[in-house]
Amino acid sequence: MDFDLTKEQKMIRREVRKFAESEIAPVAAELDEKEEFSADITKKMGEIGLLGLFVSEQYGGEGLDYISYIIAVEEVARVDGSQAATIAAGNSLGIGPLYYFGNEEQKRKYLPKLCSGEALWGFGLTEPDAGSDAGGSKTTAVKNADEWVLNGSKIFITNAACELSLGITVQAVTGTRPNGKPEYTCFILEHGTPGFKAVPMHKKMMWRASSTAELYFNDVRIPKENMLGNKGEGFHQMLQTLDRGRLSIAAMGLGGAQGAYEAALKYSRQRIQFGQSISRFQAVAFKLADSAMEIECARNLLYKTCWLLDNKRQFEKEAAMAKLYCSEVMGRVVNHAVQIYGGYGLMKENSVERFYRDQKLLDIGEGTSEIQRIVIARHIGCL
Amino acid sequence: MNIIVCLKQVPDTEAQIKIAGDAKSIVTDDIKWVMNPYDEFGVEEALKTKEKFGGEVTVIGLGPKRVTETIRTALAMGADKGILICDDAADGSDSIAVAKALAAAIKGMEYDLIFTGQRGVDDDLGVVGASVAEFLDIPQLSLIEDVEFAEDGKSVKVKRPVEGEVLTIESSLPVLITTQKGLNEPRYASLPGIMKAKKKPLDQKTLSDLGLDASDFGEGARKLKIVELLSPPARSAGKIIEGESPQEKAAELARLLHEEAKLL
Ligand SMILES: Cc1cc2nc3c(=O)[nH]c(=O)nc-3n(C[C@H](O)[C@H](O)[C@H](O)COP(=O)(O)OP(=O)(O)OC[C@H]3O[C@@H](n4cnc5c(N)ncnc54)[C@H](O)[C@@H]3O)c2cc1C
């Protein structure tokens, strides 16, 4: 057994941490407060290679393993959830489906721009009436000569309504399967296509500096070359994308927990009450001890899952476990962190306040905690 | 243009420094090591110069095996080759001895320029740069915050801050330049850069490889001996001056500066 990261993986952690601390940390609170997406930071993240890490070099990526990608997301999340969201969704949901299921021409056309950080891509699955129950989507695509005509809408789509948004992968019903269930197919849809409208969603509690969009499709004509993979493969493509995507959400939980824990530990040693550092009170020390332990467990579970994936083993069950566990660990850690900060933890001038809000998305996005438990229960043979 | 950057690995500026039992060195066990920040300016300036004029950037470090990490960081930033002078006999050498070894490594190479930090942020001595230039018998420009090459790349004009004024100096090449804060903003090693660094050459050399005599190095050969290391005295709490009005507070402050602090 070998728990050591490679020299390169360690260097990636160090450099991404340095980048996040000097480029993101100073502006994170302000962007959150103003609810502002930053194209500038996204481009900088692209420049140092935070987009397209697992994509091979011929398409402008870095050809790195999954664990390197996860470490990078973890380090950004240690400083800010919104920016971590931009790269986690940009990679797992934006770049991933095009890279894994696109044909040569599609990959050449889009991946270099997405890997450089010049442009972002969304993944349109969730609909107003189809969230956890993704099988309930109502968006349809109907064949008409050499085109597909798309009608319907999507909601909560990350990276899909900012100045860098280039397009989306959209899942639509294209027919009925022999078993009577709907047949799904994914399409590539560029912004600016007539009939396609992307509206930014505002007043979010968390990820306020990440772009979230509502999408409307009104007789949008998609050329048939823009089908992703084959007709009827949409549901599988989506499941595979989400299995991998869970790891980057887990990385956000792990990194966020780490950031909140470090802040709380530091604060607890400086804050004096009753003549001593509050870290000396057992009630405070035990919260930090629990946090350190849970972060350690979360990291081991997540890295092992990446190892399974990098070694081409089955990783789906562990991916659901890692997503669920890391998210919930961050929930407990940010709760402790705010408690340790006392009144100051409720104020925006302290990052733990933002971490506390940002955490909640992790229990909901890319499959809620309830859905993860269902996935795990299915894998272990309960259902 | 072929450029050499001499770099040192130093404790992270945020590391908690503890004095070792011998009272002459520091405890290195838990220290996080980083590239000396002034040397980072050197690497950045070397890369910018190479981007403009072409050529190769070689980074040279001296120290234990762990220094490879710092050299790799420079390679990941974009330098082409690394050399580590690694020899147990060099442990504990003083700045002059370090400069002698660096100069010996540089001597056989073709170079137009050498960058190094104006000082290491650990010992704060600032001796190595000047000594390397002296051993190589080339001019040195110290504490430089702006570097500009002639179009033909044959000479250089630099700026050094002096007491609120700026001194502009010109020199032919080759020349050694020590870097001052403000020279540039060092780039991050990008992820692709980190992967490329893996394949770049990093040679390791001993003192004898460089034709040097081990007895000129190490603790025993130090011309400068550390007598004792002391922690700075703990700062006592500040004093808050009370008073009804600003005038009253200012008067009290003046009185304290005069009578207690005896500064006025
Ligand atoms: C900021 C943000 C970004 C997002 N980005 C994207 C994106 O890029 N692309 C995309 O396609 N989607 C995206 N989503 C959507 C996200 O994936 C969904 O919100 C999520 O899947 C849950 O769906 P829902 O919100 O409709 O909740 P619902 O499915 O309505 O769930 C409501 C509650 O019911 C519970 N529940 C539902 N079914 C069951 C069940 N069978 N058993 C037990 N409990 C159940 C849920 O766990 C939850 O607690 C994003 C969401 C947010 C908030």
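Side-chain atoms are counted along with the backbone in the values below, which use heavy atoms only and exclude waters and symmetry mates. Residue numbering restarts at 1 for every chain, and letters A, B, ... go by the order of the sequence lines.
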Check chain B and chain A for donor-acceptor pairs under 3.5 Å and report each one on its own line.
from	atom 1	to	atom 2	distance (Å)
B/Glu69	OE1	A/Arg14	NH1	3.3
B/Thr73	OG1	A/Arg14	NH2	2.4
B/Tyr188	OH	A/Ser22	OG	2.9
B/Tyr188	OH	A/Glu23	OE2	2.9
B/Ala189	N	A/Glu15	OE1	3.0
B/Leu191	N	A/Ile48	O	2.8

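- With a 4.5 Å cut-off on side-chain heavy atoms, A/Leu51 and A/Leu114 do not count as touching.
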Distance-only criterion, 3.5 Å: show the donor-acceptor pairs between side-chain atoms of residues 112-122 of chain B and protein atoms not counting sequence neighbours.
from	atom 1	to	atom 2	distance (Å)
B/Asp112	OD2	B/Asn2	N	2.7
B/Thr116	OG1	B/Cys6	O	3.1
B/Gln118	NE2	B/Gln180	OE1	2.8
B/Arg119	NH1	B/Asp124	OD1	2.3
B/Arg119	NH2	B/Tyr38	OH	3.0
B/Asp122	OD1	B/Lys8	NZ	3.0
B/Asp122	OD2	B/Lys8	NZ	3.0

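- Heavy atoms only, all atoms of each residue included: B/Val27 and B/Ala20 are closest at CG2-CA, 3.8 Å.
- With sequence neighbours left out, the side-chain hydrogen bond (donor to acceptor under 3.5 Å, both in side chains) criterion links B/Lys50 to B/Asp80.
- When side chains are defined from C-beta on, A/Ile24 counts as touching A/Ile41, because their heavy atoms get closer than 4.5 Å.
- Heavy atoms closer than 4.5 Å to chain A are found in the side chain of B/Ala76, but not in its backbone.
- Legend: residues meeting ring-ring contact (aromatic ring centres under 6.0 Å, His included) with B/Phe149, ordered by chain and number and at least two apart, are B/Phe53.
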